[in-house]
Amino acid sequence: MKNIKRLFPIFDARPGLVYLDSAATSLTPAPIIDAVAGYYRELSANVGRGLYATAEETTVRFEEVREHTARFLSVRADEIVFTRSTTEGINLLAYILEDHIKAGDNIVVTALEHHSNFLPWKRLAKRCGAELRIVPFEKDRSIHPDTARSFVDSRTKIFAFSAISNVFGTANPVADLVRIVKDANPTILTIVDAAQAAGHTPIDVRSWDCDFLAFSGHKMFGPTGVGVLYGKSTLLAALPPYQVGGGMVLDSMADGPTYMDAPHCFEAGTPDIAAVVGLGTTIDFLDHIGIDSIHEYEAGLATLAVSALKKAFGDSIHILGLNDRRKSGIVSFTLDGIHPHDIAQILGDRDICIRAGEHCAAPLHRALSLPATARVSFSVYNTEADIEKLIEGLKEVRALFKS
Amino acid sequence: MSSLYQAIILDHSKHPRNCGELEHANHHGEAKNPTCGDSLSMDVLTENGLISDIRFQGQGCAISQASASFLTESVKGKSVEEALALERDDILVLLGVELSPNRLKCALLSLETLKKTLAQDSTDTV
Ligand SMILES: Cc1ncc(COP(=O)(O)O)c(C=O)c1O
(Lines give C-alpha, C1' and ligand atoms only; values in the text may rest on other atoms or scores of the structure.)
Protein backbone atom coordinates (compact mmCIF):
# COMPACT_ATOMS: atom_id res chain seq x y z
CA MET A 1 0.00 0.00 0.00
CA LYS A 2 3.09 2.14 0.13
CA ASN A 3 2.54 4.48 -2.76
CA ILE A 4 -1.16 4.21 -2.99
CA LYS A 5 -1.96 7.48 -1.25
CA ARG A 6 -0.51 9.29 -4.28
CA LEU A 7 -3.36 7.95 -6.39
CA PHE A 8 -5.91 9.96 -4.39
CA PRO A 9 -5.94 13.54 -5.69
CA ILE A 10 -7.77 14.86 -2.65
CA PHE A 11 -4.46 14.76 -0.78
CA ASP A 12 -3.01 17.21 -3.32
CA ALA A 13 -5.90 19.58 -2.68
CA ARG A 14 -5.81 19.02 1.10
CA PRO A 15 -2.35 17.83 2.08
CA GLY A 16 -3.05 17.77 5.81
CA LEU A 17 -6.19 15.69 5.56
CA VAL A 18 -6.43 12.78 7.97
CA TYR A 19 -9.41 10.92 6.59
CA LEU A 20 -10.75 8.35 9.03
CA ASP A 21 -14.33 8.08 7.79
CA SER A 22 -14.04 5.60 4.96
CA ALA A 23 -16.92 3.55 6.33
CA ALA A 24 -19.17 6.51 5.46
CA THR A 25 -17.67 6.94 2.02
CA SER A 26 -14.23 6.15 0.69
CA LEU A 27 -11.96 8.54 -1.14
CA THR A 28 -11.74 8.19 -4.91
CA PRO A 29 -8.51 7.47 -6.79
CA ALA A 30 -7.54 9.28 -9.98
CA PRO A 31 -8.21 6.39 -12.41
CA ILE A 32 -11.82 6.22 -11.24
CA ILE A 33 -12.32 9.98 -11.34
CA ASP A 34 -10.86 9.88 -14.86
CA ALA A 35 -13.22 7.10 -15.91
CA VAL A 36 -16.25 9.08 -14.75
CA ALA A 37 -15.02 12.23 -16.49
CA GLY A 38 -14.05 10.12 -19.51
CA TYR A 39 -17.64 9.05 -20.01
CA TYR A 40 -18.75 12.69 -20.24
CA ARG A 41 -15.79 13.67 -22.39
CA GLU A 42 -15.83 10.81 -24.84
CA LEU A 43 -19.21 9.07 -24.78
CA SER A 44 -22.05 11.11 -23.29
CA ALA A 45 -24.90 9.08 -24.70
CA ASN A 46 -27.83 7.22 -23.24
CA VAL A 47 -27.86 3.44 -22.94
CA GLY A 48 -29.96 0.97 -24.90
CA ARG A 49 -31.53 3.45 -27.27
CA GLY A 50 -29.56 5.29 -29.91
CA LEU A 51 -28.27 3.84 -33.16
CA TYR A 52 -25.24 6.07 -33.46
CA ALA A 53 -21.68 5.26 -32.49
CA THR A 54 -21.49 6.87 -29.05
CA ALA A 55 -24.83 5.41 -27.98
CA GLU A 56 -23.85 1.95 -29.10
CA GLU A 57 -20.47 2.22 -27.44
CA THR A 58 -22.05 3.43 -24.20
CA THR A 59 -24.47 0.50 -24.20
CA VAL A 60 -21.67 -1.97 -24.80
CA ARG A 61 -19.56 -0.40 -22.07
CA PHE A 62 -22.51 -0.41 -19.65
CA GLU A 63 -23.18 -4.11 -20.22
CA GLU A 64 -19.46 -4.87 -19.99
CA VAL A 65 -19.48 -3.39 -16.51
CA ARG A 66 -22.38 -5.67 -15.64
CA GLU A 67 -20.34 -8.68 -16.75
CA HIS A 68 -17.32 -7.38 -14.92
CA THR A 69 -19.36 -6.96 -11.73
CA ALA A 70 -20.74 -10.47 -12.16
CA ARG A 71 -17.19 -11.86 -12.39
CA PHE A 72 -16.24 -9.83 -9.32
CA LEU A 73 -18.97 -11.66 -7.39
CA SER A 74 -18.59 -14.96 -9.29
CA VAL A 75 -22.21 -14.83 -10.47
CA ARG A 76 -24.02 -14.40 -13.78
CA ALA A 77 -24.46 -11.05 -15.51
CA ASP A 78 -28.25 -11.33 -15.54
CA GLU A 79 -28.11 -11.56 -11.74
CA ILE A 80 -26.67 -8.04 -11.45
CA VAL A 81 -29.07 -5.11 -11.07
CA PHE A 82 -27.57 -1.63 -11.06
CA THR A 83 -29.10 0.60 -8.39
CA ARG A 84 -28.26 3.95 -6.92
CA SER A 85 -26.91 2.51 -3.65
CA THR A 86 -27.25 -0.20 -1.02
CA THR A 87 -30.23 1.70 0.32
CA GLU A 88 -31.98 1.65 -3.02
CA GLY A 89 -31.19 -2.03 -3.55
CA ILE A 90 -32.78 -2.99 -0.24
CA ASN A 91 -35.79 -0.73 -0.77
CA LEU A 92 -36.20 -2.23 -4.23
CA LEU A 93 -36.30 -5.68 -2.66
CA ALA A 94 -38.73 -4.63 0.04
CA TYR A 95 -40.97 -3.26 -2.70
CA ILE A 96 -40.93 -6.23 -5.05
CA LEU A 97 -41.30 -8.75 -2.21
CA GLU A 98 -44.44 -7.12 -0.84
CA ASP A 99 -46.85 -9.61 -2.45
CA HIS A 100 -44.81 -12.38 -0.91
CA ILE A 101 -45.61 -11.38 2.69
CA LYS A 102 -48.97 -12.13 4.28
CA ALA A 103 -50.49 -11.12 7.59
CA GLY A 104 -49.11 -13.33 10.32
CA ASP A 105 -45.80 -13.93 8.53
CA ASN A 106 -42.57 -12.60 10.00
CA ILE A 107 -39.45 -10.84 8.77
CA VAL A 108 -36.21 -11.32 10.69
CA VAL A 109 -33.42 -8.75 10.90
CA THR A 110 -30.63 -8.20 13.43
CA ALA A 111 -29.91 -5.61 16.09
CA LEU A 112 -26.74 -4.45 14.39
CA GLU A 113 -28.28 -3.36 11.11
CA HIS A 114 -27.77 0.00 9.49
CA HIS A 115 -31.12 1.80 9.13
CA SER A 116 -31.09 1.02 5.42
CA ASN A 117 -31.35 -2.69 6.19
CA PHE A 118 -33.80 -2.11 9.03
CA LEU A 119 -36.38 0.50 8.08
CA PRO A 120 -37.40 -1.01 4.71
CA TRP A 121 -38.21 -4.27 6.55
CA LYS A 122 -39.90 -2.53 9.42
CA ARG A 123 -42.15 -0.68 6.99
CA LEU A 124 -42.82 -3.78 4.91
CA ALA A 125 -43.78 -5.77 8.01
CA LYS A 126 -46.16 -3.05 9.09
CA ARG A 127 -47.74 -2.80 5.63
CA CYS A 128 -48.31 -6.52 5.42
CA GLY A 129 -49.41 -7.13 8.99
CA ALA A 130 -46.28 -9.19 9.52
CA GLU A 131 -44.09 -9.30 12.60
CA LEU A 132 -40.58 -7.82 12.61
CA ARG A 133 -38.19 -9.91 14.68
CA ILE A 134 -34.80 -8.65 15.75
CA VAL A 135 -31.98 -11.10 16.45
CA PRO A 136 -29.71 -9.71 19.18
CA PHE A 137 -25.92 -9.63 18.79
CA GLU A 138 -23.74 -11.54 21.23
CA LYS A 139 -20.92 -10.51 23.53
CA ASP A 140 -18.48 -10.87 20.64
CA ARG A 141 -20.63 -8.32 18.76
CA SER A 142 -21.63 -10.65 15.98
CA ILE A 143 -24.77 -12.63 15.15
CA HIS A 144 -24.58 -16.28 16.10
CA PRO A 145 -26.26 -18.85 13.84
CA ASP A 146 -27.91 -20.69 16.74
CA THR A 147 -29.47 -17.49 18.00
CA ALA A 148 -30.68 -16.59 14.51
CA ARG A 149 -32.10 -20.10 14.19
CA SER A 150 -34.23 -19.56 17.29
CA PHE A 151 -35.88 -16.52 15.66
CA VAL A 152 -37.08 -18.20 12.47
CA ASP A 153 -40.04 -20.51 12.00
CA SER A 154 -42.43 -21.76 9.33
CA ARG A 155 -43.87 -18.23 8.92
CA THR A 156 -40.52 -16.52 8.36
CA LYS A 157 -40.31 -15.07 4.88
CA ILE A 158 -37.15 -12.98 4.97
CA PHE A 159 -33.91 -12.95 6.93
CA ALA A 160 -31.90 -9.79 6.26
CA PHE A 161 -28.52 -9.15 7.88
CA SER A 162 -25.22 -7.43 7.22
CA ALA A 163 -21.93 -9.11 6.42
CA ILE A 164 -19.96 -6.54 8.42
CA SER A 165 -21.34 -4.19 11.08
CA ASN A 166 -20.75 -0.53 10.27
CA VAL A 167 -20.32 0.25 13.99
CA PHE A 168 -18.53 -2.75 15.51
CA GLY A 169 -16.57 -3.58 12.38
CA THR A 170 -17.18 -7.22 13.19
CA ALA A 171 -17.99 -9.85 10.56
CA ASN A 172 -20.96 -12.17 10.71
CA PRO A 173 -20.62 -15.82 9.66
CA VAL A 174 -22.65 -15.27 6.50
CA ALA A 175 -22.53 -18.79 5.04
CA ASP A 176 -23.43 -20.39 8.38
CA LEU A 177 -26.28 -17.95 8.97
CA VAL A 178 -27.73 -18.63 5.54
CA ARG A 179 -27.38 -22.39 5.96
CA ILE A 180 -28.92 -22.61 9.41
CA VAL A 181 -32.04 -20.60 8.56
CA LYS A 182 -32.49 -22.47 5.27
CA ASP A 183 -32.21 -25.77 7.14
CA ALA A 184 -34.96 -24.56 9.43
CA ASN A 185 -37.16 -23.31 6.61
CA PRO A 186 -35.96 -23.57 2.99
CA THR A 187 -38.42 -20.94 1.77
CA ILE A 188 -36.79 -18.10 3.74
CA LEU A 189 -35.21 -15.51 1.45
CA THR A 190 -31.78 -14.49 2.72
CA ILE A 191 -30.63 -10.96 2.07
CA VAL A 192 -27.10 -9.74 2.79
CA ASP A 193 -26.19 -6.08 3.27
CA ALA A 194 -22.62 -6.09 2.00
CA ALA A 195 -22.11 -2.31 2.11
CA GLN A 196 -19.11 -2.57 4.45
CA ALA A 197 -17.83 -5.81 3.01
CA ALA A 198 -17.69 -5.19 -0.73
CA GLY A 199 -14.25 -4.10 -1.85
CA HIS A 200 -12.82 -4.58 1.62
CA THR A 201 -13.07 -8.30 2.22
CA PRO A 202 -13.57 -11.25 -0.12
CA ILE A 203 -17.22 -11.81 -1.00
CA ASP A 204 -18.08 -15.30 -2.08
CA VAL A 205 -21.70 -15.12 -3.14
CA ARG A 206 -21.83 -18.70 -4.38
CA SER A 207 -20.49 -20.24 -1.22
CA TRP A 208 -22.48 -17.82 0.96
CA ASP A 209 -25.48 -19.03 -1.05
CA CYS A 210 -27.54 -15.98 -0.10
CA ASP A 211 -30.53 -15.12 -2.28
CA PHE A 212 -29.84 -11.40 -2.54
CA LEU A 213 -26.93 -9.10 -1.72
CA ALA A 214 -26.57 -5.33 -1.95
CA PHE A 215 -23.68 -2.89 -1.85
CA SER A 216 -22.66 0.65 -2.88
CA GLY A 217 -19.88 1.76 -5.20
CA HIS A 218 -18.90 4.76 -3.11
CA LYS A 219 -17.78 2.71 -0.11
CA MET A 220 -15.24 0.79 -2.20
CA PHE A 221 -13.39 3.70 -3.89
CA GLY A 222 -16.02 3.98 -6.62
CA PRO A 223 -18.26 6.88 -7.59
CA THR A 224 -21.40 7.87 -5.72
CA GLY A 225 -24.69 7.17 -7.45
CA VAL A 226 -24.20 3.52 -8.26
CA GLY A 227 -24.91 0.40 -6.25
CA VAL A 228 -25.30 -3.25 -7.04
CA LEU A 229 -28.07 -5.63 -6.17
CA TYR A 230 -27.33 -9.28 -6.77
CA GLY A 231 -30.27 -11.70 -6.93
CA LYS A 232 -30.41 -15.38 -7.82
CA SER A 233 -31.57 -15.53 -11.43
CA THR A 234 -34.46 -17.88 -10.65
CA LEU A 235 -35.79 -15.42 -8.07
CA LEU A 236 -35.28 -12.27 -10.11
CA ALA A 237 -37.09 -13.88 -13.04
CA ALA A 238 -40.18 -14.45 -10.91
CA LEU A 239 -40.43 -11.03 -9.27
CA PRO A 240 -42.40 -8.00 -10.48
CA PRO A 241 -40.67 -4.82 -11.66
CA TYR A 242 -39.84 -1.98 -9.28
CA GLN A 243 -40.12 1.44 -10.92
CA VAL A 244 -41.80 1.43 -14.30
CA GLY A 245 -40.96 3.70 -17.19
CA GLY A 246 -38.44 3.84 -19.98
CA GLY A 247 -35.90 1.20 -20.80
CA MET A 248 -37.67 -1.74 -19.17
CA VAL A 249 -40.93 -2.31 -21.04
CA LEU A 250 -41.74 -4.56 -24.02
CA ASP A 251 -45.35 -3.61 -24.70
CA SER A 252 -46.59 -0.58 -22.87
CA MET A 253 -49.94 -0.40 -24.69
CA ALA A 254 -51.18 -3.81 -23.57
CA ASP A 255 -53.70 -3.85 -20.75
CA GLY A 256 -51.19 -5.62 -18.57
CA PRO A 257 -47.94 -4.19 -19.93
CA THR A 258 -45.17 -6.69 -20.55
CA TYR A 259 -41.69 -6.03 -19.29
CA MET A 260 -38.15 -6.92 -20.26
CA ASP A 261 -36.41 -9.78 -18.49
CA ALA A 262 -34.28 -9.34 -15.41
CA PRO A 263 -32.12 -7.43 -14.72
CA HIS A 264 -33.45 -4.76 -17.10
CA CYS A 265 -36.98 -4.78 -15.70
CA PHE A 266 -35.52 -3.49 -12.41
CA GLU A 267 -33.67 -0.59 -14.05
CA ALA A 268 -36.31 1.85 -15.26
CA GLY A 269 -35.18 5.22 -16.53
CA THR A 270 -31.76 6.58 -17.38
CA PRO A 271 -29.25 5.18 -14.91
CA ASP A 272 -26.20 7.01 -13.57
CA ILE A 273 -24.20 5.91 -16.58
CA ALA A 274 -21.02 7.75 -15.63
CA ALA A 275 -21.07 6.09 -12.23
CA VAL A 276 -21.61 2.64 -13.74
CA VAL A 277 -18.66 3.25 -16.08
CA GLY A 278 -16.69 4.34 -13.00
CA LEU A 279 -17.74 1.16 -11.20
CA GLY A 280 -16.11 -0.89 -13.94
CA THR A 281 -12.83 0.91 -13.34
CA THR A 282 -13.35 0.49 -9.59
CA ILE A 283 -13.39 -3.28 -9.98
CA ASP A 284 -10.18 -3.09 -12.04
CA PHE A 285 -8.67 -1.02 -9.27
CA LEU A 286 -9.71 -3.56 -6.62
CA ASP A 287 -8.37 -6.44 -8.71
CA HIS A 288 -5.13 -4.59 -9.18
CA ILE A 289 -4.49 -4.05 -5.46
CA GLY A 290 -6.12 -7.32 -4.44
CA ILE A 291 -9.04 -7.64 -2.05
CA ASP A 292 -7.01 -9.78 0.34
CA SER A 293 -4.29 -7.13 0.61
CA ILE A 294 -6.88 -4.39 1.13
CA HIS A 295 -8.53 -6.43 3.84
CA GLU A 296 -5.29 -7.24 5.61
CA TYR A 297 -4.08 -3.67 5.46
CA GLU A 298 -7.29 -2.07 6.73
CA ALA A 299 -7.84 -4.62 9.51
CA GLY A 300 -4.15 -4.30 10.42
CA LEU A 301 -4.44 -0.55 10.90
CA ALA A 302 -7.60 -1.05 12.98
CA THR A 303 -5.79 -3.49 15.25
CA LEU A 304 -2.88 -1.07 15.65
CA ALA A 305 -5.31 1.75 16.41
CA VAL A 306 -7.05 -0.29 19.10
CA SER A 307 -3.76 -0.96 20.90
CA ALA A 308 -2.63 2.66 20.54
CA LEU A 309 -5.96 3.95 21.88
CA LYS A 310 -5.86 1.58 24.84
CA LYS A 311 -2.27 2.49 25.56
CA ALA A 312 -2.97 6.21 25.47
CA PHE A 313 -6.29 6.28 27.31
CA GLY A 314 -6.33 3.13 29.44
CA ASP A 315 -9.55 2.59 31.33
CA SER A 316 -11.17 5.79 30.11
CA ILE A 317 -11.59 4.51 26.56
CA HIS A 318 -14.18 1.88 25.68
CA ILE A 319 -13.79 0.10 22.36
CA LEU A 320 -16.89 -1.48 20.85
CA GLY A 321 -16.45 -4.87 19.26
CA LEU A 322 -13.96 -7.61 19.99
CA ASN A 323 -10.62 -7.45 18.25
CA ASP A 324 -10.62 -11.05 17.07
CA ARG A 325 -14.04 -10.63 15.49
CA ARG A 326 -13.12 -7.35 13.81
CA LYS A 327 -12.70 -8.02 10.12
CA SER A 328 -12.54 -4.48 8.86
CA GLY A 329 -10.93 -1.10 9.30
CA ILE A 330 -13.74 0.08 11.58
CA VAL A 331 -13.17 0.98 15.26
CA SER A 332 -15.89 2.63 17.36
CA PHE A 333 -15.31 3.91 20.86
CA THR A 334 -16.38 6.21 23.66
CA LEU A 335 -14.18 8.30 25.94
CA ASP A 336 -15.34 8.80 29.52
CA GLY A 337 -16.85 12.20 30.20
CA ILE A 338 -16.62 13.54 26.63
CA HIS A 339 -19.51 13.46 24.19
CA PRO A 340 -18.59 11.89 20.82
CA HIS A 341 -19.84 15.01 19.02
CA ASP A 342 -17.34 17.15 20.84
CA ILE A 343 -14.57 14.71 20.00
CA ALA A 344 -15.49 14.72 16.32
CA GLN A 345 -15.85 18.49 16.18
CA ILE A 346 -12.52 19.25 17.80
CA LEU A 347 -10.72 16.66 15.67
CA GLY A 348 -12.55 18.04 12.64
CA ASP A 349 -11.12 21.47 13.31
CA ARG A 350 -7.70 19.82 13.00
CA ASP A 351 -8.63 18.20 9.68
CA ILE A 352 -8.97 14.79 11.33
CA CYS A 353 -12.22 13.37 9.97
CA ILE A 354 -14.03 10.93 12.21
CA ARG A 355 -17.69 10.18 12.77
CA ALA A 356 -19.84 10.70 15.85
CA GLY A 357 -23.43 9.75 16.57
CA GLU A 358 -25.48 6.66 16.00
CA HIS A 359 -24.04 5.92 12.55
CA CYS A 360 -27.55 5.16 11.30
CA ALA A 361 -27.67 2.23 13.69
CA ALA A 362 -30.09 3.26 16.43
CA PRO A 363 -31.11 -0.32 17.38
CA LEU A 364 -27.48 -1.17 18.11
CA HIS A 365 -26.94 1.92 20.25
CA ARG A 366 -30.22 1.35 22.08
CA ALA A 367 -29.20 -2.25 22.82
CA LEU A 368 -26.02 -0.95 24.45
CA SER A 369 -27.76 2.03 26.10
CA LEU A 370 -25.31 4.36 24.40
CA PRO A 371 -26.59 7.72 23.13
CA ALA A 372 -23.74 7.99 20.66
CA THR A 373 -20.29 6.67 19.80
CA ALA A 374 -17.23 7.93 17.95
CA ARG A 375 -16.06 5.93 14.96
CA VAL A 376 -12.82 5.86 13.01
CA SER A 377 -12.45 3.74 9.89
CA PHE A 378 -9.22 3.03 8.03
CA SER A 379 -8.54 2.39 4.41
CA VAL A 380 -5.69 1.90 1.97
CA TYR A 381 -4.61 5.55 1.96
CA ASN A 382 -4.22 5.69 5.75
CA THR A 383 -0.93 5.06 7.50
CA GLU A 384 0.36 4.65 11.02
CA ALA A 385 1.05 8.39 10.99
CA ASP A 386 -2.73 8.93 10.88
CA ILE A 387 -3.12 6.84 14.03
CA GLU A 388 -0.51 9.00 15.74
CA LYS A 389 -2.34 12.16 14.71
CA LEU A 390 -5.59 10.70 15.96
CA ILE A 391 -4.07 9.92 19.36
CA GLU A 392 -2.48 13.37 19.57
CA GLY A 393 -5.78 14.99 18.68
CA LEU A 394 -7.67 12.93 21.23
CA LYS A 395 -5.17 13.88 23.91
CA GLU A 396 -5.89 17.52 23.16
CA VAL A 397 -9.61 16.88 23.35
CA ARG A 398 -9.14 15.33 26.74
CA ALA A 399 -6.94 18.16 27.96
CA LEU A 400 -9.61 20.65 26.90
CA PHE A 401 -12.28 18.86 28.86
CA LYS A 402 -10.28 18.25 32.00
CA SER A 403 -11.42 20.65 34.66
CA MET B 1 -7.74 25.71 20.23
CA SER B 2 -11.06 25.21 18.62
CA SER B 3 -12.94 28.50 18.57
CA LEU B 4 -16.18 26.71 19.30
CA TYR B 5 -14.80 25.50 22.55
CA GLN B 6 -14.06 28.85 24.08
CA ALA B 7 -13.40 28.90 27.79
CA ILE B 8 -16.84 30.25 28.55
CA ILE B 9 -18.65 27.47 26.68
CA LEU B 10 -16.45 24.83 28.25
CA ASP B 11 -17.08 26.35 31.66
CA HIS B 12 -20.84 26.21 31.17
CA SER B 13 -20.72 22.67 29.82
CA LYS B 14 -18.56 21.40 32.65
CA HIS B 15 -20.35 23.34 35.35
CA PRO B 16 -23.82 23.90 33.96
CA ARG B 17 -25.94 26.48 35.78
CA ASN B 18 -29.48 25.59 36.78
CA CYS B 19 -28.81 21.90 36.43
CA GLY B 20 -31.06 19.51 38.32
CA GLU B 21 -34.72 19.11 39.22
CA LEU B 22 -37.11 21.75 40.47
CA GLU B 23 -39.46 20.35 43.07
CA HIS B 24 -42.18 22.98 42.90
CA ALA B 25 -42.14 23.37 39.12
CA ASN B 26 -45.49 23.84 37.42
CA HIS B 27 -44.20 23.05 33.94
CA HIS B 28 -42.21 20.06 32.75
CA GLY B 29 -41.09 19.23 29.23
CA GLU B 30 -38.60 17.14 27.26
CA ALA B 31 -37.03 17.13 23.84
CA LYS B 32 -34.60 14.96 21.94
CA ASN B 33 -32.21 15.43 19.09
CA PRO B 34 -32.61 12.13 17.28
CA THR B 35 -29.56 12.51 15.08
CA CYS B 36 -27.12 12.55 17.97
CA GLY B 37 -29.08 11.06 20.82
CA ASP B 38 -28.96 14.24 22.92
CA SER B 39 -31.89 14.71 25.27
CA LEU B 40 -32.96 17.47 27.64
CA SER B 41 -35.72 17.89 30.17
CA MET B 42 -36.73 21.11 31.92
CA ASP B 43 -38.68 22.09 35.02
CA VAL B 44 -40.03 25.62 35.14
CA LEU B 45 -41.86 27.49 37.87
CA THR B 46 -43.93 30.40 36.60
CA GLU B 47 -45.58 32.95 38.84
CA ASN B 48 -47.70 35.81 37.55
CA GLY B 49 -46.52 35.15 34.01
CA LEU B 50 -42.86 35.35 35.02
CA ILE B 51 -40.30 32.56 35.01
CA SER B 52 -39.32 32.57 38.64
CA ASP B 53 -37.18 29.46 38.56
CA ILE B 54 -35.91 26.93 36.04
CA ARG B 55 -33.79 23.77 36.02
CA PHE B 56 -32.66 21.41 33.28
CA GLN B 57 -31.27 17.93 33.10
CA GLY B 58 -29.92 16.03 30.17
CA GLN B 59 -27.36 14.18 28.25
CA GLY B 60 -25.48 15.70 25.43
CA CYS B 61 -22.47 17.35 23.91
CA ALA B 62 -20.78 20.43 25.30
CA ILE B 63 -22.71 22.69 22.94
CA SER B 64 -26.15 21.42 23.94
CA GLN B 65 -25.25 21.48 27.64
CA ALA B 66 -23.71 24.95 27.50
CA SER B 67 -26.63 26.28 25.52
CA ALA B 68 -29.09 24.97 28.13
CA SER B 69 -27.01 26.52 30.85
CA PHE B 70 -26.86 29.93 29.10
CA LEU B 71 -30.52 29.86 28.16
CA THR B 72 -31.83 28.98 31.62
CA GLU B 73 -29.70 31.75 33.11
CA SER B 74 -30.99 34.23 30.60
CA VAL B 75 -34.71 33.53 30.95
CA LYS B 76 -34.86 33.42 34.72
CA GLY B 77 -36.93 36.45 35.79
CA LYS B 78 -38.19 37.07 32.26
CA SER B 79 -41.83 36.80 31.29
CA VAL B 80 -43.14 33.64 29.67
CA GLU B 81 -44.07 35.74 26.68
CA GLU B 82 -40.51 36.97 26.25
CA ALA B 83 -39.17 33.44 26.56
CA LEU B 84 -41.60 32.14 23.96
CA ALA B 85 -40.50 34.88 21.56
CA LEU B 86 -36.86 33.77 21.65
CA GLU B 87 -35.45 32.62 18.34
CA ARG B 88 -32.52 30.82 16.87
CA ASP B 89 -30.43 33.95 16.58
CA ASP B 90 -30.95 34.79 20.24
CA ILE B 91 -29.33 31.48 21.18
CA LEU B 92 -26.41 32.15 18.86
CA VAL B 93 -25.92 35.54 20.46
CA LEU B 94 -25.96 33.93 23.89
CA LEU B 95 -23.36 31.37 22.84
CA GLY B 96 -21.33 33.91 20.91
CA VAL B 97 -20.11 31.45 18.30
CA GLU B 98 -20.82 30.49 14.74
CA LEU B 99 -22.20 27.01 14.28
CA SER B 100 -22.34 24.65 11.35
CA PRO B 101 -25.83 23.42 10.46
CA ASN B 102 -25.12 20.11 12.19
CA ARG B 103 -24.14 21.72 15.45
CA LEU B 104 -26.96 24.23 15.27
CA LYS B 105 -29.34 21.40 16.17
CA CYS B 106 -27.32 20.79 19.34
CA ALA B 107 -27.46 24.44 20.29
CA LEU B 108 -31.17 24.77 19.61
CA LEU B 109 -32.27 21.74 21.61
CA SER B 110 -32.46 23.85 24.76
CA LEU B 111 -34.77 26.39 23.12
CA GLU B 112 -36.99 23.64 21.77
CA THR B 113 -37.18 22.07 25.22
CA LEU B 114 -37.98 25.40 26.87
CA LYS B 115 -40.78 26.13 24.41
CA LYS B 116 -42.26 22.67 24.83
CA THR B 117 -42.04 23.03 28.58
CA LEU B 118 -43.77 26.39 28.64
CA ALA B 119 -46.46 25.10 26.30
CA GLN B 120 -47.48 22.51 28.88
CA ASP B 121 -50.68 23.32 30.69
CA SER B 122 -49.93 24.53 34.14
CA THR B 123 -51.27 26.15 37.19
CA ASP B 124 -49.53 29.48 37.26
CA THR B 125 -49.76 30.63 40.84
CA VAL B 126 -51.14 34.08 41.28
C1 LIG C 1 -23.88 -1.59 6.72
C2 LIG C 1 -24.42 -0.51 5.84
N3 LIG C 1 -25.53 -0.72 5.14
C4 LIG C 1 -26.04 0.21 4.32
C5 LIG C 1 -25.45 1.44 4.18
C6 LIG C 1 -26.10 2.44 3.26
O7 LIG C 1 -25.31 2.69 2.17
P8 LIG C 1 -25.75 3.82 1.12
O9 LIG C 1 -25.93 5.06 1.90
O10 LIG C 1 -24.63 3.88 0.16
O11 LIG C 1 -27.02 3.35 0.52
C12 LIG C 1 -24.30 1.71 4.88
C13 LIG C 1 -23.66 3.04 4.75
O14 LIG C 1 -23.43 3.77 5.65
C15 LIG C 1 -23.77 0.72 5.74
O16 LIG C 1 -22.67 0.95 6.45
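Not measured: the values here are computed from a predicted model. Here is the naming used below: chain letters follow the sequence lines, and residue numbers restart at 1 for every chain.
For A/F11, the CZ atom sits in a packed shell: over 12 heavy atoms of surrounding residues, nucleotides or ligands are nearer than 6.0 Å.
The interface of residues 55-66 of chain B with chain A, defined by heavy-atom distances below 4.5 Å, comprises B/Q59, B/G60, B/C61, B/A62, B/I63.
Chosen from A/G348, A/P371, A/G337, the residue pairing most often with chain B at heavy-atom distances under 4.5 Å is A/P371.
For A/D386, there are no salt bridge (Lys or Arg N to Asp or Glu O under 4.0 Å) partners at least two apart in sequence or on another chain. Every residue was checked against the salt bridge (Lys or Arg N to Asp or Glu O under 4.0 Å) condition with B/D38, not counting sequence neighbours, and none meets it. For A/A163, the side-chain contact (heavy atoms from CB on, under 4.5 Å) test picks out A/V174, A/V192, A/A197, A/W208, with sequence neighbours left out.
Using cut-offs of 30° and 60° for the angle between ring planes, the A/Y381 and A/F8 rings count as perpendicular. Classified by interplanar angle (parallel below 30°, tilted 30° to 60°, perpendicular above 60°), the ring pair A/H365/A/H359 is tilted.
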